[in-house]
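Below: the structure, in structure tokens.
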Amino acid sequence: MPLLIVESPKKAKQIASYLGRDWTVKACFGHVRDLPATKADIPEKYRDQAWARLGINVDAGYTPLYVARAKTGVLTDLRAATKAAGGDVYLASDPDREGESIAWHLSVVLGLKDARRVTYQEVTKTAIQKAIQNPRPINLALVAAQESRRILDRLAGYGVSPLLWDAIGGPQSAGRVQSAALMLLAQREQSRLSFIPSAYWRVTARVGTTPPFNASVQAIRGLPLATAASFTAQGQLKEGLEVAQLDAQKAEGLRGYLEGREAEITSIEVSPITRRPPPPFTTSSLQQAAGARLHLGVETVTRAAQSLYEQGLVTYIRTDSPALSDEALQLARAAVAERFGEDALSPSPRQYATRNSNAQEAHEAIRPAGAFLAPEATGLNGDELALYTLIYTRTVASQMQDALGEKTTITLQAGVVTLGATGTRLTRRGFTALYDDDQKDEDDQALPALTVGQRAPLSGVKAEEKKSSAPARFSEGSFVQLMEKAGIGRPSTYASTLKTLLSRNYVAIRARKLHVTPLGLCVALYLLKQLPQLVDARFTAQMEQDLDAIANGELKRLDYLDRVWRDALKPAIAGAQRTSPRIKVPGREAVFEVRDGQVTLRTAEGAALLPVELLPEDLDERSIPALLAGTWKPGAKSTRRTEESPGRAPTAPAKRKGSTTPRKKRDSTASPRKKASTSGTPSRRKS
DNA sequence: CAGTGAGCGAGCTTCCGCTTGACTT
């Protein structure tokens, strides 16, 4: 009886039901071998080799040392099943680079000669049957590409992390993905800290038509009134821009000028609007939407989505493709027809393509699985119901008609002052009847029917001073999207990369936003100076191109690794400064100095160790003297945390435990600390 | 002579990516 091996047990069950009793279907649970992680993983005979710590014999052509992963039960099970199948084994791991590698490792571990590799794009009976009729050999060039990726990540990660242990202290870490991701956050934090807000004025008035509407001042004597967009991040007026700038006195003068004055409508412009439904979810867009709409963090979303997957309610949750299978398209369209009628359907089925060039598209979009149960019919509750509803409506809405409408822009003149008002109106709701993704514009309003030349008095004139705001911090969900857009990490690692940055104390979550800590800022800026290539997201983009060339046979694995390691990273690591770095605090006359994992703030007035909970944004004219005097208390500024959802709050207290600084090195022997930092965070949650 | 504590030195930390349960607090 032939044996088919897939990665996921859920998938194995599904496929077993398609293939019937003539087949055995087993899961290998992802990778079955890997480089040794710690010394304990290294086999006795290699333990005294100089390269054993890396698990890669660089001098022997970057030969990797592979060891079985902890799940011995899985391997013995697969070996027994292989024997029972008489070696008639089909390797059906995912159709991407990692999947090809898994197939190759399986073929080695199970001793398969002439391994039969099969792939399919969707899990349907016909697709599976077609796949097993067309087996092919393992693509060794693709395996070489994966192996190069693995080796590079190990060399970079295990090569650079010890640099941090020397320079900064503590069990710190660096890597191709986490360091580039940290840098993206640090850059945003820096641009926020150095941002200089600009003041501008907004003057509004009520126009006395029936019914009335609101208009805002656009220009005075034809000169546009300054807005937030008129200024640079340094608080300067953008070059070559001619605008009217008010101060309190002028604003009050303008208010008096307008109050009671008659305005005339000088133009009415109407333009049509078409809005298309957003594509079905991928891992990153689901995180973004669940964060924005349901206020759920990445870990909560991942856990709830995994549960939905295990219940057979949604498809695989780690995907970069928004594509729907033909079967799913039909089911989604049937759901539209049943709920809203045939007229609500888009004229033809909508298929969505990814815009992400790194996408491997081994799975389809995250969508309802099986019978497309309506949310009410699932029997779910809580976060899982909310998440399923989101996935269901987004998928079904993707097959609905566009929303149509019109945008009206009104211009009015009152003496020398020009005012404007906008209003949008939907003439056909289309998909928004089910899934409304409208971003509300504060100026948008319902406008009455108006004609050019019409006159009406202005009243209730208000002049408000506004300040331009710095670029916003990332939420957990938008951080995941940022990583995807930058091309770093994969759907299976977005959540764990964030978790790593949190557990290293490089990043903290406050009021549902990601903040880079002083330690994170120091690590990022240190790496930027010593190893700029590692913190650059383009390093990964270039790696992807080179891996493609290896997979195509155009580039040799050895040549590639020599180029990135022997000729670039290795000498850069050897030449890097290993003394405690001093980093200028952005936007302040002060420096951070970091040693033993602890950050010290140094100013002309003195120095102070920074408490772990202090964030760069807490540093100001009041807190700095308090820190130096030792009287600073946390929470003085950050008390206005948004606690709308008390049930599911805080990851914050759990986080700090595992990664406290090793001030007393003797007390923190390796094993208890490891335990605390790896299992501490999730296990505290349920109590 | 046995027990205690300070001080010293050795060993360890770490990557990315693929998959789920089995462990405690």
Side-chain angles (χ1 to χ4, degrees), chain A residues 5-12 26-40 53-56 69-71 73-74 93-94 96-103 105-106 146-166 168-181 302-303 306-307 309-310 316-318 360 362-363 483 488-497 500 503-504 523 534 540 543 547 569 597 654 657-659 661-662 665-666 668-687:
Chain A
I5 303 176
V6 297
E7 293 180 44
S8 146
K10 185 82 202 165
K11 215 178 195 179
K26 295 264 181 197
C28 69
F29 296 82
H31 278 293
V32 293
R33 295 198 303 173
D34 193 13
L35 303 173
T38 63
K39 205 160 200 174
R53 187 186 70 91
L54 277 176
I56 298 160
R69 300 177 59 114
K71 307 159 295 195
V74 173
S93 42
D94 294 346
D96 55 19
R97 195 163 64 210
E98 298 293 328
E100 200 70 15
S101 167
I102 289 171
H105 281 290
L106 281 170
Q146 189 279 342
E147 194 164 63
S148 307
R149 199 274 309 152
R150 182 69 190 93
I151 291 170
L152 169 61
D153 282 335
R154 168 56 64 89
L155 290 171
Y158 278 33
V160 177
S161 295
L163 213 57
L164 294 178
W165 306 342
D166 287 352
I168 285 169
Q172 315 296 353
S173 64
R176 172 179 60 86
V177 169
Q178 63 168 285
S179 297
T302 303
R303 204 167 340 122
Q306 178 71 24
S307 171
Y309 170 66
E310 284 165 12
Y316 194 61
I317 64 163
R318 288 176 277 267
Q360 309 225 349
H363 307 276
M483 283 195 282
I488 51 178
R490 302 280 315 137
S492 64
T493 61
Y494 296 141
S496 59
T497 301
T500 299
S503 68
R504 299 271 177 267
V523 168
L534 189 75
T540 292
M543 180 195 80
L547 295 184
L569 270 176
K657 180 89 181 269
S659 44
T661 54
K665 287 195 175 174
R666 309 188 45 197
S668 52
T669 53
S671 53
R673 175 146 27 113
K674 185 179 174 195
K675 218 167 184 177
S677 67
T678 53
S679 65
T681 311
S683 62
R684 300 167 60 78
R685 178 137 318 206
K686 274 271 149 84
S687 57

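Per chain, numbering begins at 1; letters A, B, ... match sequence-line order.
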A:Thr540 meets the side chain to side chain donor-acceptor pair (under 3.5 Å) criterion, sequence neighbours left out, with A:Arg176

Please work out if A:Gln146 contacts a base, only the sugar-phosphate, or nothing of the nucleic acid, heavy-atom cut-off 4.0 Å.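 Nothing, no heavy atom under 4.0 Å.
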
Contacts of A:Tyr309 that satisfy ring pair (Phe, Tyr, Trp, His ring centres under 6.0 Å) - sequence neighbours left out: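 Checked A:Tyr309 against ring pair (Phe, Tyr, Trp, His ring centres under 6.0 Å); matches are A:Tyr316.
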
Test ring pair (Phe, Tyr, Trp, His ring centres under 6.0 Å) applied to A:His105 - qualifying residues, sequence neighbours left out: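 A:Tyr66.
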
If a stem is a run of at least 3 consecutive Watson-Crick or G-U pairs, both distances under 3.5 Å, which stems include DNA chain B? none

For nucleotides 15-20 of chain B, read 5' to 3', which letter fits each nucleotide if B means a protein heavy atom sits under 4.0 Å from the base, S means only the sugar-phosphate is that close, and - means neither? BBBBBS

Please give, in whole Å, the distance from B:dT13 C1' to A:Ile168 CD1? 14 Å

To the nearest Å, give me how far apart CG (A:Asp166) and C1' (B:dC12) are. 13 Å

What one should report as the nearest heavy-atom pair of A:Ala27 and A:Glu7 is CB-O, 3.8 Å

Closest approach of A:Val160 and A:Ala174, non-hydrogen atoms and distance? CG1-CB, 3.7 Å

Going by atom types alone, do A:Ser492 and A:Arg318 pair a side-chain donor with an acceptor below 3.5 Å? no

Any side-chain to backbone donor/acceptor pair from A:Ser161 onto A:Tyr158? Under 3.5 Å, distance only.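 Judged by distance alone, no pair lies under 3.5 Å.
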
Are A:Trp165 and B:dT13 stacked, counting the six-membered base ring, centres under 5.5 Å, planes under 30°?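 Stacking between A:Trp165 and B:dT13: present.
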
I'd like to check the side chain to side chain contact (heavy atoms under 4.5 Å, CB included) partners of A:Ala180; sequence neighbours left out, ordered by chain and number.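 If we apply the side chain to side chain contact (heavy atoms under 4.5 Å, CB included) test to A:Ala180, skipping adjacent residues, the hits are A:Ile488.
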
